[in-house]
Structures are given as structure tokens and as C-alpha cells.
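Note sheet for the following structure.
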Amino acid sequence: MRLSHLFFATLRDDPTEAEMPSHRLLLRAGYVRQLGSGIYSLLPLGKKVSDRVEQVIREEQDRIGGQEMEMPVVHPADIWRASGRYDAIGPELGRFKDRNGRDMVLAMTHEEVVGILLADIVKSYRQLPMQVYHFQTKWRDEPRARGGLIRVREFVMKDAYSCDLDQAGLDASYDAQHGAYVRTFERLGLDTVAVASDVGIMGGSQAHEFMFLNPAGEDVLVLCEACGYAANRQVAAVPRPDPTPEEPLPLEEVATPGTTTIASLAEFLGVGPERTAKAAFFMTGDARLVTAIVRGDHEVNETKLGNAVKAIGGMRPATVDEIKAAGMEPGYGSPMGARDTVVAVDDLVARSANLVAGANREGFHYRNVNSGRDYTPDVTADITNAQEGDACPVCGKPVILRNGIEVGNIFKLGTKFTDAAGATYLGEDGQAHPIVMGSYGIGVGRNVACIVEAHHDDKGIVWPAEVAPYAAHLVSIGGAKDPRVTEIAERLHALAQDAGPRHEILWDDRDESPGVKFTDAELLGMPWILTVSPRSLAAGGVEVTERATGDRSTRPLEEVEALVANGFPTGP
RNA sequence: CGGGGAGUGGCGUAGUUGGCAACGCACGUGCUUUGGGAGCACGAGAUCGUGGGUUCGAGUCCCACCUCCCCGACCA
């Protein structure tokens, strides 16, 4: 490809809206352009990288027997009603009417369609197990897009669906996908860790997220370096030892003016935060006020809390008015004397005696509050976040906390969607059985962004060879002075073209100064930079520079021709 | 949706007490230049996010709205 004809433009200045390196570099180097919040065009370079990433995913899916297909972006709303998700999912599901006034949906995932296809096509146990996948555009009207390609509203996802006879079959498919994901991310140059995760809107019994460790990650991971335990903090259950036992003491009201935070309360009373209980208030999607009680030295984990109280339609922080309507005082709140609220108590609080808790009266707290005696929990469960240094639930060593970006996930779905679609098979026993499904997603664009996060330096992108849009970047200098330069560049360019798509190189044939060309070559990030100039010819050939290391050497023309035709060495 | 910030040629910005919209880069033409973001000359390009209002006069002041970014509640 000749750079003079490439539909792209590099930017000298950083766009102000781009904060993450991947966002900044993909914009500056001309891989993507933004159309709206969370909506991006892939320019030719970006499309090439995306295709290369897809190809890696495709090869690993095919390796475990996945069959590529393609399902529609637009679905009749009825199939989402049948699965219950039309109502269960909020505004992130895109909805519209067609010209006949029928409700339609922009797909955010494809379990419903797979279920319907299974009901149509699979009749016998002989047709299973089976896996299908596709690369398809998803629309998810996220509350907030961020980080360029990291979190967008429209994106291409590889979603795969395993279809098995029974739970044991699902377990095997799940393990196969797990292995495929490990190989996929390794080939993409992404260090990932698979963490146990919440099942969320998918339902089902087990799920893992593949996390790329990055400080800008939106998820917090609980990791044990000693034994390899890894879980999303949303679900990480770390054991908390029993507090020292004490006899319950009589309740005692104390004036604590101006102590609306645990820090100020603990300081005022001269006790540690672990001697206090704090209340947090949430309103569920099904309009229940939840009062969550955790110890002052912990924080509420909304995922655990939502699961514990079986919140339908999610949860949001409650408003001051909602809290007061239940008879509680924000800042001095506790379940004592409260009405019309679901009281969820952390099991550590339930085991801790004589805590300080709010008196539901401004400026007052109670000492010696005991769960069960002074108020009655509706639910007692682990509803707090794991913290750095907590004991690993497997080996007991201290855990560490890290941020991660979810680059893929795997879910054991079960029969939720096949039940909704009536997808059954006739078993050897002559009876109808529901098909057991799993679902497996990888966001292509997010992976592109994460690869840049992992592979860049202060000059630009450094693509791993596996996903680079071109095998090499050819810089020709001084063609006007020495006709051999253009001649050789033409020859290398043609040679690469004939060698096939994976060997294609990008030739900067523009009439630009050497500085501009070198700078752009480093910004664009092809793994190899070839320089042909009167100087390189005088030195005996073509200069070959490895982008990642900066190692450069001048090689005889024949040697460079062989590299271009047969492939460059892959990294160390 | 809550909090914070920003909208001025393609990109990055300046714009004073309200008084001719400016600068760098990029872009076009010509000449020079060619191993690390070249030089000179000429040139094109903006209804200053939108709609109201105040005023002789609004990029600037007031009101409303829209969009985008960042931090929180959701997910690949």
C-alpha cells in the first residue's frame, strides 16, 4: 500500500478528548475517528488491525470446532419478550418500531436467536454437541462511553454459543472455550488473567472474565499471587475472622454532633472504624428500599448486595427523601426504628458485638448496637468488598487488588434461552430434553485498544506482528536525488504485494521530509521499518529497523527482498 | 442520572472594560530544500455548538437547550 493513497491522516497534536494512550495513539496515527459518544469509524488502518484480531479469534474458535455463521443485528422484540429480557434490561437495549409499528430491538447479544435456531434445526441428540459463533455489531446504549475504543456503544463482538446435551457437556465446552481464550489472548499479545465473575443479566451458573491488567481498568480484581486465586471484586468472597467475643452491653445513646462520616465519628468517639456500623441505602429496580449495614472499615459491594436481596432491575443509591420516608436519618442512619425497608446485614457485622450505629436522629448515635437484638436483619450475607491484604479464600495468604479491563468472558448459561425458545432434542431414551447452552464473548475493538495499551512507547504504537496492519513500513528518502531509491522501493513494494496479504507492506512514497516520514513510521507502529536512501545504498543496501527495540542494521538488498517475500523474524 | 470540565477554520489554542475574529500546525500554488516533524512568498478555509434575550454593537453579558470529555452507578 502506498501511503500517498491511504485514507488517513496523522495528527501532530494530541486531541484534547483523548486521555488513555490507546485512544490518543489510535486517533493520532489515523486508525479511527469518532462520530459520536461511543461511536467510531475504523479507517483503513484500523479496519486492517481489527481484521487481524478477528482472524486470530476465528482460528482459535475454529480449532475447538466452532462454526462461523452470521445472525442479524435487528431482532423482532417478541423474541426478547419470550426470554424475559425485553423488560428485564433497561435503556441500554436499543428499541424502535418498524414501518408497521412492530417493536424491534437492536441486538446487544444473540442468545435468543441461537435458541430459536436450535429449536428449528436440532431434533436429535446425534446433532449435539455443537458450537457456533459470529462477528457481529452490537448496540448497547451504555450510560457512559469512555476511553476511546475501550468502552463504546456500538462495537463488533465475537459471540460464540455452545450447545450441549447436558451439564457435563457444557462443562467440557466451557473448558474448551477457556483454552481457546488463553491461546487467543496470548497470540494477541495481551497478558490476561481469568477471574471468576458475576453472571449478571445472562443468568446461569458460572462465569469467568478474561481481564487485561491495566491501571485504567474499570474492574477491580482480587488476586492471590501465592496460589493463583483470581476473582472479580464483585464476587470475591474473602473470609473474615471472627471478632473477639464480648458480652452484649446495654444500648446507650450518645451525642455525636457533625459526625456524618465514619472517619469523623470514629475520631469523635475515639474508637476504631471497625467498632462502628455504617448504613448505605439503595432503591431496587422493583422499588424496594434496601438498608445495607456493613462495618465502618468496609465498603458495600453492590453486586453482592443486589444478589443477596434478589434485586430485580438493578439498584441505585436511594435519595434523601426515600431514606427519610422509611424513618431513617441520612448520616445518622441505622435500621433501628426503620420501617418499609429490606435490612441486609453483612455477616461480619452480625458477628461483631457492641458497635456504634446511627440513632436516626441528627447528631446522635447509639453505642453497643447488636444485630438481632436491636434490629432484625431480613438478609445476612457477605455484602462487602474484599480489601487489599484480606486472606485468600483458598490458601489464606494476603490477596492483592488490581485493575483490569474485561477483554472476554465465558458464561455457563444453562437452559434459560433454550427453554424460552422451546429448543429440545430427543435423547437416546426417546424423551425430549432441553439443550444446554454456554455463551462466550470477545469485544474486537476493545482488544485492539488493549493491544495498544500493552504495546506502545512515547513515539507511538508498536504492533505485535500477529496483528500489525502491514508487515513492514518502507521509508524511501532522496528518490529525487538517486533514481535507484525509487526503483528499489517499487521493487520491494511489488514483491510484498505478490507474496500475499500477510506480507503486504506500507510504502511511504510521499514527498515529505525524512523527519516526517520517520516520525509517522514510528507513530503508525509496524513491527519493521525499512529505509532505502542514497545513504543506505552507499552503506550496502537497505536499513532494517525493529520498531520494538530500535535495533537497526543495513542489510544487502537480496536479504531484504527475502524478508519481504518470506516474512520477517517474529519477536523474541 | 449525580458531580466536574469544555465547545472559536481539519488539529491545538488566543481572544483584554462588549468595538474589524487572531496565532501555530495542517491544507493549495510557486521556488528552494531532502537521514529526524524544512525555508521563503502568495493563497484558500469560521454564519465563534444551537435558539432566544440585553445592547448602537455580543466570541465576550443573561436564559434555555444540544453535544463532547472526565469521575461515579453498568458491561465485551
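In this text the structure is predicted, and so the values were computed from the model without any measurement. Reminder, nothing fancy here: chain letters follow the sequence lines and each chain counts from 1.
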Worksheet item: Are Arg24(A) and Glu19(A) close enough for a salt bridge, meaning some N to O gap below 4.0 Å?
Response: no
Item to complete: Could you give the distance separating C69(B) and C63(B) at their P atoms, to the nearest angstrom?
Response: 26 Å
Worksheet item: What is the distance from CZ of Arg33(A) to P of G10(B), rounded to the nearest Å?
Response: 13 Å
Worksheet item: Base, sugar-phosphate, or nothing: which does Gly147(A) touch, judged by heavy atoms less than 4.0 Å apart?
Response: sugar-phosphate
Item to complete: Could you measure between the two C1' atoms, the one in C23(B) and the one in A46(B), and give it in whole Å?
Response: 15 Å
Worksheet item: From the list C74(B), C70(B), G12(B), which nucleotide is the closest neighbour of the side chain of Glu19(A)?
Response: C70(B)
Could you list, one pair per line, each protein nitrogen or oxygen that sits under 3.5 Å from a nitrogen or oxygen of nucleotides 4-6 of chain B, together with the distance?
none

Worksheet item: Mind checking the P distance from A38(B) to C25(B)? Whole angstroms is fine.
Response: 10 Å
Discussion item. From CZ of Phe210(A) over to C1' of C75(B), roughly how many Å is that when rounded to an integer?
Written reply: 17 Å
Practice prompt. Determine: side-chain N/O of Ser37(A) to OP1/OP2 of C69(B), distance under 4.0 Å, yes or no.
Written response: yes
Discussion item. Only pairs with both distances under 3.5 Å count, Watson-Crick or wobble alike; so what is the partner of U29(B) in this structure?
Written reply: A41(B)
Worksheet item: Can Asp457(A) and Arg547(A) be counted as an ion pair, charged N to O under 4.0 angstrom?
Response: yes
Worksheet item: If you draw the axis of the six-membered ring of Tyr86(A), does the NZ or CZ of Arg95(A) fall within 45° of it and under 6.0 Å from the ring centre?
Response: yes
Item to complete: Figure out the CD1/C1' separation between Ile410(A) and C75(B), and round it to whole Å.
Response: 16 Å
Discussion item. Tell me whether the side-chain N or O atoms of Asp14(A) pair up with the base of C11(B) as donor and acceptor below 3.5 Å, since no angle test is needed here.
Written reply: no
Worksheet entry | C11(B) - base-pair partner by Watson-Crick or wobble geometry, distances under 3.5 Å | G24(B)
Fill in: Arg85(A)/Glu111(A) salt bridge by N-O under 4.0 Å criterion
yes
Response to the item:
Scoring nucleotides 33-40 of chain B by protein non-hydrogen atoms under 4.0 Å (B base, S sugar-phosphate only, - none) yields -BBBBS--
Item to complete: Report yes if a donor N or O on one partner sits less than 3.5 Å from an acceptor N or O on the other, where the partners are the side chain of Arg140(A) and the base of C74(B); otherwise report no.
Response: no
Discussion item. Atom CG of residue position Asp62(A) - does it have more than 12 heavy atoms of other residues, nucleotides or ligands inside 6.0 Å?
Written reply: yes
Practice prompt. Return the nucleotide paired to G72(B): Watson-Crick means purine N1 to pyrimidine N3 with N6-O4 or O6-N4, wobble means G-U with N1-O2 and O6-N3, both under 3.5 Å.
Written response: C1(B)
Practice prompt. Using atom CG of Leu27(A) as one end and atom P of A26(B) as the other, report the distance to the nearest whole Å.
Written response: 19 Å
Worksheet entry | Spacing of the C1' atoms in G72(B) and G19(B) (rounded, Å) | 45 Å
Worksheet entry | Nucleotide A76(B), atom P - distance to CD of Glu453(A) in whole Å | 20 Å
Worksheet item: Looking only at atom P, what distance separates G51(B) and G9(B), rounded to whole Å?
Response: 16 Å
Worksheet, complete the sentence: Per nearest nucleotide of RNA chain B, the residue lying toward the 5' end, Glu17(A) or Gly408(A), is Glu17(A)
Response to the item:
Taking a pair to mean Watson-Crick or G-U wobble geometry with both distances below 3.5 Å, A64(B) pairs with U50(B)
Practice prompt. Provide, to the nearest angstrom, the distance between the CZ atom belonging to Phe212(A) and the P atom belonging to A76(B).
Written response: 18 Å
Practice prompt. Have a look at Ala145(A) and say if it touches a base, only the backbone sugar-phosphate, or nothing, with a 4.0 Å heavy-atom cut-off.
Written response: sugar-phosphate
Worksheet entry | Backbone N/O of Ala489(A) and side chain of His493(A): donor-acceptor pair under 3.5 Å | no
Fill in: Inter- and intrachain pairs under ring pair (Phe, Tyr, Trp, His ring centres under 6.0 Å), touching residues 531-551 of chain A, at least two apart
none
Worksheet item: When all nucleic acid strands are considered with a 4.0 Å heavy-atom cut-off, which category describes Pro15(A): base, sugar-phosphate, or nothing?
Response: sugar-phosphate
Item to complete: Indicate, with a heavy-atom threshold strictly under 4.0 Å, whether Glu142(A) touches base, sugar-phosphate, or nothing.
Response: base
Fill in: Integer angstrom distance from the P of U47(B) to that of U8(B)
12 Å
Item to complete: Would you classify Arg146(A) as touching base, sugar-phosphate or nothing, given that sugar-phosphate means primed atoms plus P, OP1 and OP2, and contacts are heavy atoms under 4.0 Å?
Response: sugar-phosphate
Worksheet item: Where the side chain of Tyr40(A) meets the backbone of Glu154(A), is there a donor-acceptor pair that is under 3.5 Å apart?
Response: no
Item to complete: Please report, rounded to the nearest Å, how far the C1' atom of G72(B) is from the CZ atom of Phe282(A).
Response: 12 Å
Worksheet entry | Toward the 5' end of RNA chain B, by each residue's nearest nucleotide, Val156(A) or Gln34(A) | Gln34(A)
Practice prompt. Go ahead and name the base partner of U17(B); Watson-Crick or wobble counts if both distances stay under 3.5 Å, otherwise write none.
Written response: none
Discussion item. Taking only side-chain N and O atoms of Arg144(A), does any of them lie within less than 4.0 angstrom of OP1 or OP2 on C70(B)?
Written reply: yes
Worksheet item: Expressed in whole Å, how much space separates the C1' atoms belonging to G2(B) and C74(B)?
Response: 15 Å
Item to complete: State plainly whether the residues Arg63(A) and Glu60(A) are in salt-bridge range, i.e. N to O under 4.0 Å.
Response: yes
Discussion item. Say we look at G59(B) and U17(B): how far apart would their C1' atoms be, to the nearest angstrom?
Written reply: 16 Å
Fill in: Pair Trp507(A) and Tyr470(A), ring centroids less than 6.0 Å apart
no
Worksheet entry | Validation row: Val193(A), Phe210(A) side chains within 4.5 angstrom (heavy atoms) | no
Item to complete: With the side chain counted from C-beta on, respond yes when Val542(A) and Thr531(A) share a heavy-atom pair under 4.5 Å apart, and no when they do not.
Response: no
Discussion item. How many whole angstroms separate atom CD1 of Ile150(A) from atom P of C71(B)?
Written reply: 12 Å
